[in-house]
Amino acid sequence: MVERIADGKVVAIRYRLSLDDGRVISESGADTLDYLHGSGNIVPGLETQLAGRSVGETVDATVAPEQAYGERDPMRVEEVPRSAFPAGIDLVPGMQLAAQDQHGNVKPLTVRSLTAETVTVDLNHPLAGETLHFSVDVISVRDATAEEIAHGHAHGPGGHQH
Ligand code: ZN
């Protein structure tokens, strides 16, 4: 019986992610990415397009921003005083940092521009507003264990190690 990708399956993939301009953003190397299908481990638009596929298939999936990291929100670009950053950090436009909010959540931010006193930061996800192009090879598909279902992610070499 051919194992098809469906909710509750652990799927090992190799992938390449590029943007409209052809820039490659990330790719799996020798290792696979293992994820638990149906648990939101990967962007929704990719998860939808992988459903029903089986081992050995190559899937080219184009995913619109609303099915990936959302549209860019111009309200999430803010000017903050330089004093909000630790002294000794060498801020450069384009730099990505992780900031912690008052609830302890870590959020990525991108430095957009600098003046002597202020830093313009972009709190949008770095891939917000981007249409994503995935090329995915389906390497293996298996039933998830009860523990993986409970945790909501895959375990093992290409998944969570713990
Ligand atoms: Zn786990």
Side-chain angles (χ1 to χ4, degrees), residues 1-20 22-73 75-78 84-86 89 94-111 121-162:
M1 193 190 94
V2 177
E3 289 269 32
R4 293 198 176 277
I5 297 176
D7 289 358
K9 299 286 186 184
V10 168
V11 185
I13 59 173
R14 287 210 173 83
Y15 75 97
R16 188 176 64 240
L17 166 59
S18 53
L19 303 183
D20 279 338
R23 199 153 42 102
V24 175
I25 292 299
S26 68
E27 61 192 312
S28 51
D31 297 330
T32 57
L33 170 75
D34 296 9
Y35 79 95
L36 176 59
H37 194 86
S39 290
N41 296 168
I42 60 175
V43 297
L46 180 60
E47 196 162 52
T48 304
Q49 293 185 55
L50 287 174
R53 302 309 186 104
S54 53
V55 174
E57 285 195 71
T58 297
V59 181
D60 287 309
T62 297
V63 179
E66 60 269 23
Q67 287 295 308
Y69 294 100
E71 295 291 351
R72 283 183 54 79
D73 179 359
M75 297 301 288
R76 304 197 69 210
V77 178
E78 297 173 13
F85 294 86
I89 200 171
M95 182 181 216
Q96 289 185 7
L97 300 167
Q100 218 174 35
D101 68 14
Q102 62 270 39
H103 307 294
N105 301 312
V106 175
K107 306 218 158 138
L109 62 82
T110 307
V111 174
V121 295
D122 189 342
L123 299 167
N124 286 289
H125 188 282
L127 293 176
E130 298 284 358
T131 296
L132 307 181
H133 301 274
F134 290 95
S135 178
V136 177
D137 291 320
V138 182
I139 307 299
S140 71
V141 180
R142 65 165 169 84
D143 290 329
T145 64
E147 189 183 48
E148 287 171 323
I149 299 277
H151 287 198
H153 55 228
H155 292 159
H160 276 249
Q161 323 282 335
H162 61 166

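Both counts, for ligands and for their atoms, begin at 1 and track the order of listing. Bear in mind that the values here come from a model prediction, so they are computed numbers and not experimental data.
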*List the steps, then state whether side-chain contact (heavy atoms from CB on, under 4.5 Å) holds for Ile42 with Phe134.*
CA-CA 12 Å; Ile42 60 175; Phe134 290 95; over 6 Å; no

*For the Zn ion (ligand 1), report each protein N, O or S atom nearer than 2.8 Å, sorted by chain and then by residue number.*
His151 ND1, His153 NE2, His155 NE2, His162 NE2

_Partner of Val121 under side chain to side chain contact (heavy atoms under 4.5 Å, CB included), chosen from Thr110, Val77, Leu109_ = Leu109

Where do [X] and [Y] come nearest, in terms of heavy atoms and distance?
X	Y	result
Arg14	Ser28	CA-OG, 3.2 Å
Asp7	Gly38	OD1-CA, 3.4 Å
Ala68	Val43	CA-CB, 4.0 Å

*Relative to the ring of His37, is the ring of Tyr35 parallel (under 30°), tilted (30 to 60°) or perpendicular (over 60°)?*
tilted

